[in-house]
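What's counted below: heavy atoms across the whole structure, side chains too, no hydrogens, waters or symmetry copies. When a ligand or atom number is given, it counts from 1 through the structure's own listing order. Quick caveat, the model's predicted, so the values are computed rather than measured.
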Amino acid sequence: MNCEEIYKSKVILAKEAIKKIKSGDRVVIGHAVGEPTSIIEEMVAHKDNYHDVEIVHMVAMGKADYAKVGMEKYFRHNSIFVGGTTRDAVNSGRGDFTPCFFTEVPRLFRENLSVDVALVQVSTPDEHGYCSYGVSNDYTKPAAECAKIVIAEVNDKMPRTMGNSFIHISDIDYIVESSHPIIELKPAKIGEVEKAIGENCASLIENGSTLQLGIGAIPDAVLLFLKDKKDLGIHSEMISDGVVELVESGVITNKAKTLHHGKIVVTFLMGTKKLYDFANNNPMLEMYPVDYVNDPTVIMKNNKMVSINSCVQVDLMGQVASESIGLKQISGVGGQVDFVRGANMCKNGKSIMAMPSTASKGKVSKIVPLLDQGAAVTTSRNDIDYIVTEFGVANLRGKTLKDRARALINIAHPNFKESLIEEFEKRFQGKF
Ligand code: COA
């Protein structure tokens with residue numbers, strides 16, 4: 001059979017495809033904005049066909065109806081990251097949370113959580129029969145590679161991204177055709193606090209640096225202050241629209257990169273159509289699975305690697321909680337520690353943890369004497385390098401516990417400084 005015949009022999013309707021999922025199966029869903037929405041909607045609509053189907057995923061950018069109240073009879077939701085659509089399920093006990101560094105998720109599927117069905121979304125095939133994983137390569141490609149059954153939504157709106165980002169139609173068991181826009185993530189609102197944080201972070205970024213940027217208002221604000229930099233590069237878990245503007249204005253050239261010279265390297269994309277159009281068939285952007293992109297020993301090969309991530313609390317020793325507020329799981333480690341470690345191991349690398357100094361409309365300080373009871377330590381005090389707030393930069397590497405606490409109190413919100421100084425003097429039995 002030629003490619004066209006192979007393709008045609010695998011096309012079925014979504015309502016037929018979801019019959020391949022059996023009660024008790026473990027189903028891995030393609031990541032973030034790459035999830036196959038038509039197949040998922042069909043699966044949820046036919047929930048009565050199932051009991052105890054385990055749904056495994058990370059960032060769920062679709063509706064995540066399988067995690068809603070009343071669905072637990074049909075679907076057992078197991079998340080490796082928690083976001084707005086899945087927080088309630090995990091914290092109410094309807095769902096489960098499995099901690100894992102993003103770079104190790106493919107290994108989890110290979111060694112610990114065998115995959116019965118992978119539900120993925122890909123581009124239309126090229127003349128050789130290869131479909132691209134488009135916006136989401138990360139764990140999606142590795143999960144499909146070890147799944148017993150691969151059901152792929154072939155969406156003609158999915159961009160074709162380059163790198164190691166392809167699946168051959170002969171490796172897909174069932175194809176569901178669709179044509180709908182890729183889920184978009186609108187740019188976050190950037191206020192005065194985020195701008196000040198962005199400016200402070202930008203002051204640490206030298207020309208020729210390679211950047212990893214997380215998601216949200218802070219990374220977007222950092223990008224605003226990079227307009228005068230030269231020859232920046234990107235090696236990041238993900239990117240959003242802001243990166244496109246810096247490529248167009250000639251700031252991001254990737255020319256100083258020592259690994260994948262001239263190329264942006266990422267494992268997933270999350271932004272608007274502007275980003276997806278930029279990525280489509282663009283040889284400047286390469287996508288690889290997350291066990292490559294987020295591997296600290298790969299990250300460290302970049303020149304002047306700078307990682308920028310965010311967190312919910314930092315204690316006076318420099319322990320960082322990024323995924324839970326006390327016992328309440330609000331997020332996951334994602335790629336934070338992968339990049340903190342990679343940047344720390346890189347010659348002339350820097351890892352930055354950037355956050356507003358307060359939360360809950362200024363009522364609580366994010367710099368605290370002790371983390372909230374039950375909080376998971378995401379980045380340990382041994383790994384921490386720079387902490388940045390709107391009030392300045394604290395470099396903790398190589399500093400004693402006392403000097404770390406002083407540096408952190410100096411960048412805390414003025415409303416909380418006095419109480420933090422009191423705590424300092426009690427703990428260290430001496431003057432601040
Ligand atoms: N005390 C109480 N509540 C707090 C808090 C604190 N110290 N810090 C944050 N919160 C609350 C916020 O008020 C907000 O509540 P709301 O949703 O009711 O408004 C919620 O927690 C989320 O905080 P916010 O600051 O809005 O989140 P963010 O979008 O800026 O993301 C992280 C911050 C830490 C959750 C996010 O960066 C993350 O998930 N990091 C870990 C993963 C990672 O770094 N991956 C690598 C890069 S993609």
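- With hydrogens and angles left out, the side-chain atoms of N309 and Q212 include a donor and acceptor closer than 3.5 Å.
- Heavy-atom proximity to C311, at under 4.0 Å, picks out these atoms of ligand 1: 34 (C).
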Listing, residues 419-428 side-chain donor-acceptor contacts under 3.5 Å, not counting sequence neighbours, or none:
| residue | atom | partner | partner atom | Å |
| --- | --- | --- | --- | --- |
| S419 | OG | F416 | O | 3.1 |
| E425 | OE2 | F432 | N | 2.9 |
| R427 | NH2 | P369 | O | 2.9 |

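- Among all non-hydrogen protein atoms, the one lying nearest atom 46 (C) of ligand 1 is N309 OD1, 3.3 Å.
- One side chain, D156 or S179, offers a donor N or O that lies under 3.5 Å from an acceptor on the other.
- With V82, I325, V312, N294 as candidates, the residue nearest to atom 4 (C) of ligand 1 on a non-hydrogen basis is I325.
- Protein heavy atoms are absent from the 4.0 Å sphere centred on atom 30 (O) of ligand 1.
- Taking every non-hydrogen atom of A359 and a distance limit under 4.0 Å, the qualifying atoms of ligand 1 come out as 4 (C), 5 (C), 6 (C), 8 (N).
- Atom 38 (C) of ligand 1 has S331 OG, 3.4 Å as its closest protein atom, hydrogens excluded (heavy atom only).
- Of the protein's non-hydrogen atoms, V364 CG2, 3.8 Å is the one closest to atom 1 (N) of ligand 1.
- In summary, the side chains of S38 and E153 do present a donor paired with an acceptor at a separation below 3.5 Å, with no hydrogens or angles considered.
- Close N/O approach between R87 and ligand 1 is not found [any backbone or side-chain N/O within under 3.5 Å].
- For atom 7 (N) of ligand 1, the nearest protein heavy atom is under 4.0 Å away.
- Residue contact check for ligand 1: L213 places no non-hydrogen atom closer than 4.0 Å to it.
- Contact between G332 and ligand 1 is present, with at least one heavy atom of the residue lying under 4.0 Å from the ligand.
- Side-chain atoms of D338 never come within 3.5 Å of backbone atoms of D295 as a donor-acceptor pair (strictly under, hydrogens ignored).
- Across the listed options K366, Q212, M270, K361, K366 owns the non-hydrogen atom lying nearest to atom 25 (O) of ligand 1.
- Counting heavy atoms of neighbouring residues, nucleotides and ligands inside a 6.0 Å radius, atom CG of N112 exceeds 12 of them.
- At a 4.0 Å heavy-atom cut-off, ligand 1 touches V333 through the backbone alone.
- Not a single protein heavy atom sits closer than 4.0 Å to atom 18 (O) of ligand 1.
- With ring centers used as reference points, F75 lies 6.0 Å or more from H57.
- Of all the heavy atoms of E323, none lies under 4.0 Å from any atom of ligand 1, so neither backbone nor side chain is involved.
- The protein non-hydrogen atom at the shortest distance from atom 44 (O) of ligand 1 is Q336 NE2, 2.9 Å.
- Distance screen at 4.0 Å: atom 15 (O) of ligand 1 has no protein heavy-atom neighbour inside the cut-off.
- At a cut-off of 3.5 Å, with distance as the only test, a side-chain donor of T37 or H180 sits close to an acceptor on the other residue.
- For atom 10 (N) of ligand 1, a protein heavy-atom neighbour is found at a distance under 4.0 Å.
- Only the side chain of Q313 comes within contact range of ligand 1, with a heavy atom under 4.0 Å; no backbone atom does.
- Note on residues 342-358: pairs passing side chain to side chain donor-acceptor pair (under 3.5 Å), not counting sequence neighbours, are N344-S351, N344-R397, S357-E390.
- With respect to atom 40 (N) of ligand 1, the closest heavy atom belonging to the protein is S310 O, 3.7 Å.
- When side chains are defined from C-beta on, N282 does not count as touching P159, because their heavy atoms never get closer than 4.5 Å.
- Under the 30°/60° scheme for interplanar angles, the aromatic rings of Y139 and F109 are found to stand perpendicular.
- Shortest contact from atom 48 (S) of ligand 1 to any protein heavy atom: E237 OE2, 3.3 Å.
- When only non-hydrogen protein atoms are considered, atom 13 (O) of ligand 1 lies nearest to S360 N, 4.0 Å.
- Heavy atoms only, all atoms of each residue included: V368 and Q313 are closest at CG1-NE2, 4.0 Å.
- For ligand 1, the atoms lying closer than 4.0 Å to a non-hydrogen atom of G214 are 47 (C), 48 (S).
- Of all protein heavy atoms, the one closest to atom 20 (C) of ligand 1 is I330 CD1, 4.4 Å.
- Rounding to the nearest 0.5 Å places CD1 of I80 at 8.5 Å from CZ of F97.
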- request: I would like to know whether H260 and Y288 meet ring pair (Phe, Tyr, Trp, His ring centres under 6.0 Å); could you show each step before the answer?
  value: CA-CA 12 Å; H260 296 281; Y288 297 91; 5.2 Å; yes
